[in-house]
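In what follows, a single structure is set out as structure tokens and then discussed.
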Amino acid sequence: MQNPAYLRLGVNIDHVATIRNARGGRHPDPLRAAHIAVEAGADGITAHLREDRRHISDDDIARLKSELTRPLNLEMAATDEMLTIALRHVPNACCLVPERREERTTEGGLNVVGGGERLQRIVGSLKDAGIRVSLFVEPDPAVIEASHRVGADIVELHTGAYCERALEGNAAGIARELERITVAASLADAAGLEVHAGHGLTFNTVGAVARLPQVVELNIGHFLIGEAIFGGLARAIERMRALMDEARREAATEPRQARSA
């Protein structure tokens with residue numbers, strides 16, 4: 001049985017495919033990156049199959065599902081096309097994310113409150129196939145409640161605003177965003193949702209999120225692939241793994257009253 005204090009790391013390999021697609025061919029290979037990530041301490045692999053196929057391809061998903069030795073988390077838009085693909089490959093989990101063709105990256109949480117019957121249908125179809133369903137959401141109480149209502153297994157809290165405030169050196173903004181994430185994590189956990197978090201996390205920002213006891217998994221990609229250019233993918237993942245574990249150890253030794261204050 002896994003230690004309840006252990007925090008899982010999911011590594012997103014999308015931008016290995018971005019570099020490959022800049023020239024075509026098969027190098028660098030996202031599957032090779034996935035294997036290196038697992039060897040370095042990743043507990044799972046995340047890949048986002050976008051509707052415009054700007055990085056990860058259908059073939060990448062097929063190869064990852066066939067060869068991975070760790071769970072595959074397929075990020076996807078809540079569309080019938082992506083539902084068909086997910087049901088064909090049956091990954092361990094699907095994380096439903098918002099998607100706009102003109103955006104550079106995912107720019108916010110899924111519209112769960114306004115998702116209606118279509119979102120509920122897609123969630124239900126995935127769950128019927130034995131796929132765990134995650135919703136990438138803003139750390140907002142109304143969204144957490146709606147995520148529980150549509151039947152999700154997991155919420156992945158969007159940490160982008162927190163990371164942006166950190167880049168700005170905005171101490172008040174950092175405190176405000178961390179409070180939003182903390183409250184949302186507690187509400188989601190109380191509702192029986194598994195709590196994940198991710199987007200924009202770096203060596204400098206991961207610790208505060210990793211200390212939250214309700215969060216059981218972080219999904220990190222762009223920063224790790226960027227760091228790999230300078231020091232190697234394995235080294236970047238090993239350092240992130242060490243920082244996450246250190247934060248959890250520190251949280252476990254803090255007085256209970258201090259953690260709940």
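Positions are given from 1, in the same order as the sequence printed here.
We find the OG-CG distance between S134 and L126 to be 11.0 Å, quoted to the nearest 0.5 Å. One finds the CG atom of L7 at 11.5 Å from the CG atom of L243 (value rounded to the nearest 0.5 Å). The distance from the CG atom of L218 to the NE2 atom of H199 is 14.0 Å, given to the nearest 0.5 Å. Going from atom CD1 of I220 over to atom CG of L201 covers 5.0 Å, rounded to the nearest 0.5 Å.
A donor-acceptor pair under 3.5 Å links the side-chain atoms of D153 to the main chain of V133, judged by distance alone. Here the side chain of H89 pairs no donor or acceptor atom with the backbone of P91 at under 3.5 angstrom. A donor-acceptor pair under 3.5 Å links the side-chain atoms of H148 to the main chain of A191, judged by distance alone. Looking at E138, its side chain does come within 3.5 Å of a backbone N or O of G109 through a donor-acceptor pair. Of the possible donor and acceptor atoms, none in the side chain of R132 sits under 3.5 Å from a partner among the backbone N and O of N92. A distance-only check finds a donor-acceptor pair linking the side chain of T79 to the backbone of M82 [under 3.5 Å]. Remark: side-chain polar atoms of S125 are paired, donor with acceptor, to backbone N or O of R121 under 3.5 angstrom. Using a distance-only test at 3.5 Å, with no hydrogens or angles considered, a donor-acceptor pair links the side chain of D14 to the main chain of H48.
Look at R241 and D43 and you find a salt bridge, because one of the NZ, NE, NH1 or NH2 atoms lies within 4.0 Å of a carboxylate O, short of that distance. Looking at E177 and R180, a side-chain N of the basic residue comes within less than 4.0 Å of a carboxylate O on the acidic one, giving a salt bridge. The residues E168 and R165 are annotated as salt-bridged, a charged nitrogen and a carboxylate oxygen being separated by less than 4.0 angstrom. Ion pairing between a basic and an acidic side chain is recognised when a charged N comes within 4.0 Å of a carboxylate O; E227 and R239 show no such pairing. A salt bridge is defined here as a Lys NZ or Arg NE, NH1 or NH2 lying under 4.0 Å from an Asp or Glu carboxylate O, and D58 with R88 fails to meet this definition. Residues R53 and D60 are not paired through a salt bridge, judged by the lack of any N-O separation under 4.0 Å between the basic side chain and the carboxylate.
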Trace of the side-chain contact (heavy atoms from CB on, under 4.5 Å) decision for L96 with F136: CA-CA 6 Å; L96 303 182; F136 183 71; over 6 Å; no
Pair I85-M76, side-chain contact (heavy atoms from CB on, under 4.5 Å): steps then yes or no: CA-CA 10 Å; I85 292 169; M76 56 180 257; over 6 Å; no
Stepwise side-chain contact (heavy atoms from CB on, under 4.5 Å) test for R20 and S57: CA-CA 11 Å; R20 174 198 61 193; S57 70; 4.2 Å; yes
side-chain contact (heavy atoms from CB on, under 4.5 Å) assessment of V216 paired with H196: CA-CA 6 Å; V216 301; H196 299 180; 3.8 Å; yes
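Pairing each heavy atom of V209 with each of A197, the nearest pair is CG1-CB, 3.9 Å. Across all non-hydrogen atoms, the minimal contact from A129 to V90 is O-CG1, 3.8 Å. Across all their heavy atoms, R248 and Y6 have their closest contact at NH1-O, 4.0 Å. Residues V195 and A188 approach most closely at CG2-CB, 3.7 Å, considering heavy atoms. For the residue pair I13 and A33, the shortest heavy atom distance occurs at CG2-CB, 4.4 Å. When all heavy atoms of A251 and R211 are compared, the pair lying nearest together is CB-O, 3.6 Å.
With hydrophobic clusters built from ILVMFWY side chains whose heavy atoms lie under 4.5 angstrom apart, F203 shares a cluster with I174. Grouping the Ile, Leu, Val, Met, Phe, Trp and Tyr side chains by contacts below 4.5 angstrom, directly or via other members, places V183 with V155.
Looking at N219 and N12, their side chains never come closer than 4.5 Å, going by heavy atoms from C-beta outward. Counting heavy atoms from C-beta on, the side chains of I154 and L193 never come closer than 4.5 Å. Under the 4.5 Å side-chain criterion, counting only non-hydrogen atoms from C-beta, L135 is in contact with V150.
When only modelled atom types and interatomic distance are considered, N73 and T46 share a side-chain donor-acceptor pair under 3.5 Å.
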Mind listing the side-chain donor-acceptor pairs of residues 21-30 below 3.5 Å, one per line with the distance, residues two or more places apart or on another chain?
{"from": "N21", "atom 1": "ND2", "to": "A17", "atom 2": "O", "distance (Å)": "3.4"}
{"from": "N21", "atom 1": "ND2", "to": "R54", "atom 2": "O", "distance (Å)": "3.3"}
{"from": "N21", "atom 1": "ND2", "to": "H55", "atom 2": "O", "distance (Å)": "2.8"}
{"from": "D29", "atom 1": "OD1", "to": "L31", "atom 2": "N", "distance (Å)": "3.1"}
{"from": "D29", "atom 1": "OD1", "to": "R63", "atom 2": "NH1", "distance (Å)": "3.0"}
{"from": "D29", "atom 1": "OD2", "to": "R63", "atom 2": "NH2", "distance (Å)": "2.7"}

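Partners of R70 by side-chain contact (heavy atoms from CB on, under 4.5 Å), not counting sequence neighbours, listed by chain and number: V38.
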